[in-house]
Amino acid sequence: MANPAMEPGNGAGAEAVPVHSFLENTGKHKGIFAWILSTDHKRIGILYMISIFSFFAVGVCLGFLMRLEMLVPGPTGKIFNAQEYNALFTLHGVIMMFLFVIPGIPATLGNFFLPIQIGAKDVAFPRINLLSWYLYITGAIIILLSLFGNGLPDTGWTFYVPYSIRTGTDVTMAVFGVFILGFSSILTGLNFLTTIHRLRAPGMTWFRMPLFVWALYATAWIQVIATPVLAITLLLIMVERLFHVGIFNPVLGGDPVLYQHLFWIYSHPAVYIMILPPMGVVSEIVATFSHRTVFGYKMIAMSSLAIAFIGYLVWGHHMFVAGETQTAQFFFSLLTFLVAVPSAIKVFNWVATMYKGSLDLQPPFLFLLAFIMLFCIGGMSGLVLGSLATDVHLTGTYFVVAHFHYIIFGGAIFIFFGALHYWLPKMFGRMYNKKVADWALGILFVGFNMLYFPMFILGYEGMPRRYFAYLPKYETLQHISMVGSWVLITGLIIMFWNLLHGIFKGERCGPNPWGGTTLEWTIPSPPPTENFETIPIVTHEPYYHPEADPEIQREPVPVAK
Amino acid sequence: MNQKSGDRTLSEIAETNPGAVSGEHESEHVHHKDVVGAKMGMWLFLLTELLLFTGLFLVYAVYRYYYTKDFQLAGYDTHILFGTVNTMILITSSLTMVLSIAAIQRGKKWLCVTFLSSTIGLALAFLVVKYVEWSTEIHAGIYPGSPTLLNKPDGVVLFYGLYYMMTGLHALHVIAGMSILVVMLIFVLRDKITQEDHTKLENAGLYWHLVDIIWIFLFPLFYLIN
Amino acid sequence: MSLLASLLPSVLHHAAATDDVARFIIGWDIFLFVAIVGTMFFFVFKYNKKRHPRAVNIHGNAVLETLWTVFPVALVLVMFYLGWSAYIQTRVVPKSAMDVKVIARQWEWSFQYMNGKTADTLFLPQGRPVKCLLTSVDVIHGFYIPAFREKNDVIPGRVRYLMLYPEHVGNYEITCSQYCGLDHALMMTRLIVLPKEKFDQWLKSGLTGEQISDALTGRVGT
Amino acid sequence: MSLSVWESEHQAETQHKEYHEEHVSYSLYILIWAALMALTAATAVIAGINLAALTLVVALLIALTKASLVVNYFMHVRFEDRIFKIFFAIAGFTIFVIFVLTFSDVYFRR
């Protein structure tokens, strides 16, 4: 097939070829086994998607209940008592972090599109890919088993010692679940790294890779290098609880702050596991809907690696008030400010990509606009927290809660939704209702800001986080925030209903509804099991829009015959 | 075209993806061997293991810095003999491991089996020594949470906490490695690992050497403090 | 610009300095946000498919890219410096500082003075620097006085310190900012700054509730 | 088959280094083993001598030497592609960074 960018929307040719899509081609197993025993990266991506969004639904409900407790100030205990509330925010954090955002885009859309975008038939280790899904499910089940233990864990998702050692609730189970999830993450990471190194199609040089692949590459390195540190830290908590070894227990001479170091050595880079893949998606979407090449391709690619690297150097800013020495505070604050720069560069590049483009305001692009706004607010509030004087005041308050929800929800998850709107037509060959998608985004955007923006103000006023009760002076803002959560959930329900309706009942769309130029748009929708009938030979940059390059002669994409 | 070394060259892609080249359509995924890819995956996994132990080494370093005196005090009581013997056992097992790979590369199946069995035997010997060592300690009343230990200074408690944690985790890796080697032995006997295709054995070997390397560092940290 | 001050009145020099840093950073944030998002929507409007059907490929611009790398670096360095220098002032312990032990336990605060007096409300004299020595008997807590923009974690088995410079007589909140279990949200007490002589009186023999409220409102009590 | 076409087309790119099947001799392995055993004996003996603060440094240097022998020869990194060395460097550098930054806090604690 020729480059569809030259004939946008022309999908008729693809349907004429008698190729079975991966959805129809069940392989040697039947029914559900055709899914849970499949080593096809596309099917595994969808397995991940189903499981991840199920847990997202649970996490959202927990978050909704947490906001509901804010109906009345003070410890009235009308809705939840303290213990219940503490379990709520712990489970909300654990589920959202470890079961949703960290696997998030890499495990779902990364699994699905990484091999296609580099012109491969599958990932390097398809069976390990399936294994990592099983580990994910095992970890999730173990976390859920803590529901039936001695009480729901109530430590917060950070499992800070010595509280996590002392509490009588079932922390061991939850920690063990996260430990298993870590291995799932590691295996995904090493699979992607090997895939990118070994399975690129002929001509797919490093600087011809789509930026989504670059982002996944950087992410995979963090997964491989950082996750083991979390694994050992959690293992130490389990050992501590089971055998009273005393490694972090201050009663036995241990240092609780050392635990925080180890925890954040992983968990700060983990923030970049969450945000780098969405940044990659943004680069894809902005190039496709601007109908021109991205501005500063190499700069964006390199800043992914830079972020992955500098992300390792700043974990200490989570501990500014934990009594770090001034030397550590100096370096960590300085480096924290520097990590802001590559992210800023990316934002500038994305906006510059719109310059002299031909902008097509389709739903994915609108999600991108929302992302840029929310991510800017999130990132810029991070500057306030990176500065020592203000961090001392604001850390541990609602300001931090607002900051990371703007980054992770407003940033990562909004663009995850955008990515769904961008790629679902490719995955299932059907288009959702675009009008409804626009409305859902509008409601989400309003609800999101209503929910989280008041938290910045609450934080500056001194409202600490993880409080099930609050002083009456915070009541108005808490109520605005609570109503915001209802609006947000309405938007989520409309959006998911629209997407599901689109998947099953939507109009059929061609292989390239948006006029994208990367390799996934050259194959039929939904993709065939083997992705490519013939492995393509890549001869040009990923966002090659010949129509935007009148001076360069159009040359067709050669295909191995 | 900056094809870096270690990345797949075109001929390799063609080799491992014949379906891709011939254009024939297959209904099932067919996965061909990519030897360098398999090794790359294994190395990345080994790096994660390295980072796993790094966490523990970091904890050790910090506490050693906090409680230098206590650590030296506690270090007197570990058994340098057990440590040295076990180091030598593991180093020798690493040798037999590479020799078994060298043998299969030269097509000498039974020599490979001999070396591989000795590796497994040495791994077992390591565990036996470890067992004797731990029982000596436990007999002396030194184990996590024991009254004898809790009466000692904080640094000593931490030293032994880390001692059990780190050597214990290492012993788990020895057991895991040994189990893998047993599977490899069966593969060699059943000719699933041959002169032509011995990547599995090589990767198992890499894992085994990593276990050895970690011990090389544990040895001075726990047994050679005076 | 008193937006921040209206959120939470600053009661002392350091709090005002913190607010200044926040004002500087948030000011730049707002400017950059308007600039970036404004440019973005301008492009969305101007280069809309309908108005601008034919895109032009632009691969990059070395000057522009250098500029928007160097400028943010310079800007964040300034921000870092301001934050650091405002913070470091609060870590200096003057000779005249008075020591107070702050002991946290689940879920209450207690304060111990040098003469052995203990209290569950923190009373401090106006105009004298105070060095709070923080320690915990069980888990990690967070000693947080929003009006002072000051906070430090309270760690079991370790002693950390926090400097307070009470400049004005008043009654301020103390909360726990580090999650510490069941009643974390209820672990609150007050910081009461008294005129020097009233404080000395309290330290020696104690004061009645009425005397304290008199001292706070500035009425001349007996 | 188009395979041959590819090969001729991209002859320049196709380095026939292929996968390394260099056969390291048995005797080299045994030599390395002997060195490792000698170093183990040395480190155990040195531990008996009082070198004060240097004890740990010497012990760790010996351990590092032993580890590099194992990595380079037993694990073949010496004969491996450059990319494997880069991977190793990335992990090593990360470990270094983790230690340095943690100690930027811990070292100044007392």
Side-chain angles (χ1 to χ4, degrees), chain A residues 19-20 25 27-28 38-40 120-122 124-128 186-187 189-191 193-195 197-203 205-207 224-233 235-236 239 243-248 252-255 258 261-262 265 528-530 532-535 560-561, chain B residues 1-4 6-8 10 12-14 16-17 19-23 25-31 34 36-38 40-45 47-56 58-59 62-63 66-67 70 143-145 149-150 153-158 160-162 164-165 168-169:
Chain A
V19 170
H20 288 295
N25 190 350
K28 59 186 166 206
S38 170
T39 54
D40 181 353
K121 294 197 161 196
D122 206 321
F125 309 111
R127 272 174 296 191
I128 288 181
I186 287 173
L187 292 181
L190 72 84
N191 215 337
L193 286 179
T194 314
T195 307
H197 272 282
R198 303 293 303 166
L199 296 184
R200 280 174 289 125
T205 56
W206 284 89
F207 287 115
V224 166
I225 297 281
T227 316
V229 181
L230 176 76
I232 193 66
T233 313
L235 195 65
L236 285 171
V239 170
F243 305 111
H244 310 288
V245 178
I247 287 174
F248 296 129
L252 298 172
D255 184 359
L258 184 59
H261 273 297
L262 286 165
I265 285 174
T529 306
E530 292 285 317
F532 299 94
E533 270 184 83
T534 49
I535 294 288
K561 290 264 156 63
Chain B
M1 311 234 166
N2 56 343
Q3 203 81 23
K4 275 196 208 165
D7 293 338
R8 264 160 52 118
L10 285 172
E12 281 177 286
I13 293 171
T16 53
N17 261 336
V21 183
S22 64
H25 186 80
E26 289 147 310
S27 58
E28 265 298 307
H29 270 48
V30 180
H31 306 299
D34 171 14
V36 179
M40 189 178 273
M42 191 64 202
W43 266 105
L44 288 168
F45 181 71
L47 294 184
T48 68
E49 291 278 13
L50 205 60
L51 265 293
L52 187 83
F53 275 92
T54 297
L56 285 171
L58 183 66
V59 173
V62 169
Y63 287 147
Y66 282 155
Y67 301 102
D70 288 353
Y143 52 87
L149 195 56
L150 288 180
D154 285 350
V156 177
V157 177
L158 288 173
Y160 277 103
L162 284 168
Y164 278 105
M165 185 69 207
L169 190 62

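Order of the sequence lines fixes the chain letters, A, B, ..., with proteins taken first and strands second; residue numbering starts at 1 for each chain. Below, each value reflects all heavy atoms present in this structure, side chains not excepted, and no hydrogens, waters or symmetry copies.
- Remark: A:Leu187 CG to B:Leu44 CG distance equals 11.0 Å, nearest 0.5 Å.
- Only the side chain of A:Ile265 has a heavy atom closer than 4.5 Å to any heavy atom of chain B.
- The side-chain heavy atoms of B:Met165 and A:Leu235, taken from C-beta on, include a pair separated by under 4.5 Å.
- Only the side chain of B:Val62 comes within contact range of chain A, with heavy atoms under 4.5 Å apart.
- The closest donor-acceptor contact from the side chain of B:Tyr63 to the backbone of A:Ile247 lies under 3.5 Å.
- B:Tyr66 contributes no side-chain N or O that, together with a main-chain N or O of A:Gly253, makes up a donor-acceptor pair within less than 3.5 Å.
- Looking at A:Leu252 and B:Leu150, their side chains come closer than 4.5 Å, going by heavy atoms from C-beta outward.
- For the atom pair CG (B:Leu158) and CG (A:Asp255), the distance works out to 9.5 Å, reported to the nearest 0.5 Å.
- The residue among B:Thr54, B:Leu50, B:Asp70, B:Val59 with the most heavy atom pairs within less than 4.5 Å of chain A is B:Val59.
- When side chains are defined from C-beta on, A:Ile232 does not count as touching B:Phe53, because their heavy atoms never get closer than 4.5 Å.
- For B:Leu169, the part lying under 4.5 angstrom from a heavy atom of chain A is the side chain only.
- Contact of A:Asn191 with chain B is not made at all, since no heavy-atom distance falls under 4.5 Å.
- Side-chain contact between B:Thr48 and A:Thr227: absent, with no pair of heavy atoms (C-beta onward) separated by less than 4.5 Å.
- At a 4.5 Å heavy-atom cutoff, the contact between A:Leu190 and chain B is made by backbone and side-chain atoms alike.
- In plain terms, the two heavy atoms of A:Ala231 and B:Leu52 that are nearest each other are CB-CD1, 3.7 Å.
- In terms of heavy atoms, A:Arg198 sits closest to B:Gly37 at NE-N, 3.6 Å.
- Side-chain atoms of A:Leu262 and B:Leu58, non-hydrogen and from C-beta on, do get closer than 4.5 Å to each other.
- Residues A:Val239 and B:Tyr164 form no side-chain contact, since every pair of their non-hydrogen atoms from C-beta on lies 4.5 Å or further apart.
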